[in-house]
Amino acid sequence: MTDHATPSLHDRHRAVLPDWLSLYYERPLELTHGEGRHVWDADGNRYLDFFGGILTTMTAHALPEVTKAVAEQAGRLIHSSTLYLNRPMVELAERIAALSGIPDARVFFTTSGTEANDAALLLATTYRRSNQILALRNSYHGRSFSTVGVTGSRAWSPTSLSPLQTLYVHGAVRGGPYARLTDAEFTDACVQDLTDLLGQTSRGVAALIAEPVQGVGGFTAPPDGLLAAFREVLDEHGILWISDEVQTGWGRTGDHFWGWQAHAGRGAPDMITFAKGIGNGMSVGGVVARAEIMNVLDANSISTFGGSPVTMAAAQANLAYLLEHDLQGNARRVGGLLIERVRAAGAGLGTVRDVRGRGLMIGVELDSAATAARVLEAARDGGLLIGKGGPDGAVLRVAPPLTVTVAEAEEGAAILEKALHEASGGRA
């Protein structure tokens, strides 16, 4: 009998899961447990987690308040669907509506950011009776058929087919003729571009969907006030503004609770979409909209898993902890320190093109995707987990949980500095 080696988990993964389900690292990592800002792999190695499952473990791993809320609710009732009154869902909706800044707000819960954006697009196109959508270049809004259709990054758009007609405008990335413009000049040029584009559309546009800070796009952001300037133009045409807060919500940017508040202008957007961090790892997403927009659908609709009692209990406990412990303030203070440390770490290295960010969303743009991959590996070897993104995969994404301490920020920056120098080969 031939003796066959037991297949590794990676081999088993490749045998039954799609080829396009990408994994980090040359030797993919199996995480087994976490606590606070740390996680452990199957070999017992400990890592400082500065990516949080793509900005989703927002508060901390195994946060006692959240795990207790999940366990207690699971012991009572795990599932009911939206066909029955659901106290945890109503209570969380009340709190989010009050925090949103949207008058007469209604909240619809989903299980992901993709589904939240999909729902927002359905509401906007129905309300405006148009399938034309404005989106920013280099954007990412999800992996469903409709959200891929408004994603402005070729790396995340597997099909050109779409139920929507999407028109892409400038706003977050200063390339080509916009490269050397000041903030004011860039804002003015983007507004002119938007105005010109709307003058060429054949019928009314439904909405603009925009991330205040582009997540997958590499933590790029418009100058403060740009989206408010856009709002002036949108209002003239009755076009809705959807703020995709899947990565920027709940205080992560430090200076603001919502990313849109850096562009306040005439006030809150018409719709806010959220997900990721609010559940601290549980599957929670949703849309907040004015009642007249949310109630526009005239057909039956439910959500089987959106608003699950267990995920709502987790989100309530997580949001309460975040507010009671001023984690937005911690993101501002520790994030400010961390970005300065990261800038110092990359100083003098020819491979580092830019360090940017807000609060605990820090992007390190490198000279190539190959360099970014080397830094990712070297950081892992040093005990630090980070992410990557950008149009060509050349941007490191540093986004610790919002409870990260000063000592942990210093430790993570030191590991990243060493990884940058190793991957750069000392190139100045």
Side-chain angles (χ1 to χ4, degrees), residues 56 58 65-100 102-129 131 141-148 163-164 206-207 209 240 242-246 249-250 269-320:
T56 301
M58 176 176 71
E65 289 81 353
V66 172
T67 55
K68 179 183 178 184
V70 169
E72 289 181 350
Q73 181 59 52
R76 291 192 296 269
L77 180 70
I78 290 178
H79 178 69
S80 63
S81 88
T82 55
L83 291 172
Y84 305 93
L85 286 172
N86 179 335
R87 188 174 299 273
M89 180 169 69
V90 172
E91 290 174 348
L92 182 61
E94 289 171 339
R95 197 156 202 183
I96 292 175
L99 289 167
S100 71
I102 294 177
D104 196 19
R106 300 292 188 274
V107 184
F108 174 68
F109 289 105
T110 67
T111 61
S112 69
T114 289
E115 192 186 347
N117 284 334
D118 188 90
L121 292 169
L122 172 64
L123 292 169
T125 53
T126 305
Y127 182 82
R128 289 280 292 156
R129 302 185 64 80
N131 75 333
H141 297 290
R143 56 168 178 75
S144 68
F145 191 43
S146 70
T147 55
V148 162
L164 304 167
I209 185 168
L240 303 178
I242 304 168
S243 186
D244 179 342
E245 302 273 356
V246 169
W250 321 111
D270 299 289
M271 283 188 266
I272 293 170
T273 59
F274 61 86
K276 289 192 183 293
I278 182 60
N280 201 45
M282 300 296 283
S283 298
V284 184
V287 185
V288 191
R290 298 197 318 270
E292 64 174 313
I293 298 171
M294 185 67 81
N295 295 334
V296 73
L297 303 184
D298 60 3
N300 293 329
S301 191
I302 63 167
S303 182
T304 303
F305 292 107
S308 154
V310 173
T311 61
M312 296 294 95
Q316 279 197 69
N318 191 44
L319 182 56

Exam field: side chain Gln316 to backbone Pro88, donor-acceptor pair closer than 3.5 Å
yes
Taking Thr273 for its side chain and Ala116 for its backbone only, find out whether a donor-acceptor pair lies under 3.5 Å.
no
Minimum heavy-atom distance [X]-[Y], with the two atoms named:
| X | Y | result |
| --- | --- | --- |
| Thr125 | Leu121 | OG1-O, 2.7 Å |
| Gly279 | Ala314 | O-CB, 4.3 Å |
| Ser308 | Ile78 | OG-O, 3.5 Å |
| Met312 | Val284 | CE-CG1, 3.7 Å |
| Glu245 | Ile272 | CG-CG2, 3.6 Å |
| Ser100 | Ala105 | OG-CB, 4.0 Å |

query: Please walk me through it: do Leu319 and Leu99 pass side-chain contact (heavy atoms from CB on, under 4.5 Å)?
result: CA-CA 11 Å; Leu319 182 56; Leu99 289 167; 3.9 Å; yes
So how far is it from [X] [atom1] to [Y] [atom2], rounded to the nearest 0.5 Å?
| X | Y | atom1 | atom2 | answer |
| --- | --- | --- | --- | --- |
| Asp118 | Thr110 | CG | OG1 | 9.5 Å |
| Leu297 | Leu123 | CG | CG | 5.0 Å |
| Ile102 | Asp270 | CD1 | CG | 7.5 Å |
| Asn117 | Ile242 | CG | CD1 | 7.5 Å |
| Thr67 | Asn280 | OG1 | CG | 9.5 Å |
| Thr111 | Met282 | OG1 | CE | 12.0 Å |

So if I apply the side chain to side chain contact (heavy atoms under 4.5 Å, CB included) rule between Pro309 and each of Arg87, Arg76, Met89, Gln73, which one comes out positive?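 Result: among Arg87, Arg76, Met89, Gln73, Gln73 is the only option passing the side chain to side chain contact (heavy atoms under 4.5 Å, CB included) with Pro309.
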Of Asn86, Thr82, Val287, Leu92, which meets side chain to side chain contact (heavy atoms under 4.5 Å, CB included) against Phe109?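 The passing option is Leu92.
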Next on the checklist: Could you go through Arg290 and Tyr127, starting from their C-alpha distance and side-chain angles, then the distance that decides it, and tell me whether this counts as side-chain contact (heavy atoms from CB on, under 4.5 Å)?
Outcome noted: CA-CA 11 Å; Arg290 298 197 318 270; Tyr127 182 82; 3.8 Å; yes
Notebook entry, point to check: Do the non-hydrogen side-chain atoms of Ile302 and Ser81 ever get within less than 4.5 Å of each other?
Noted result: no
Review point. Can you list the residues that meet the ring pair (Phe, Tyr, Trp, His ring centres under 6.0 Å) rule with Phe305, with sequence neighbours excluded?
Key: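 Residues passing ring pair (Phe, Tyr, Trp, His ring centres under 6.0 Å) with Phe305: His79.
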Task: CG/Leu85: more than 12 non-hydrogen atoms of other groups inside 6.0 Å - done: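 Open: at most 12 neighbouring heavy atoms sit under 6.0 Å from CG of Leu85.
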* Is the number of heavy atoms from other residues, nucleotides or ligands within 6.0 Å of CZ (Arg106) greater than 12? -> yes
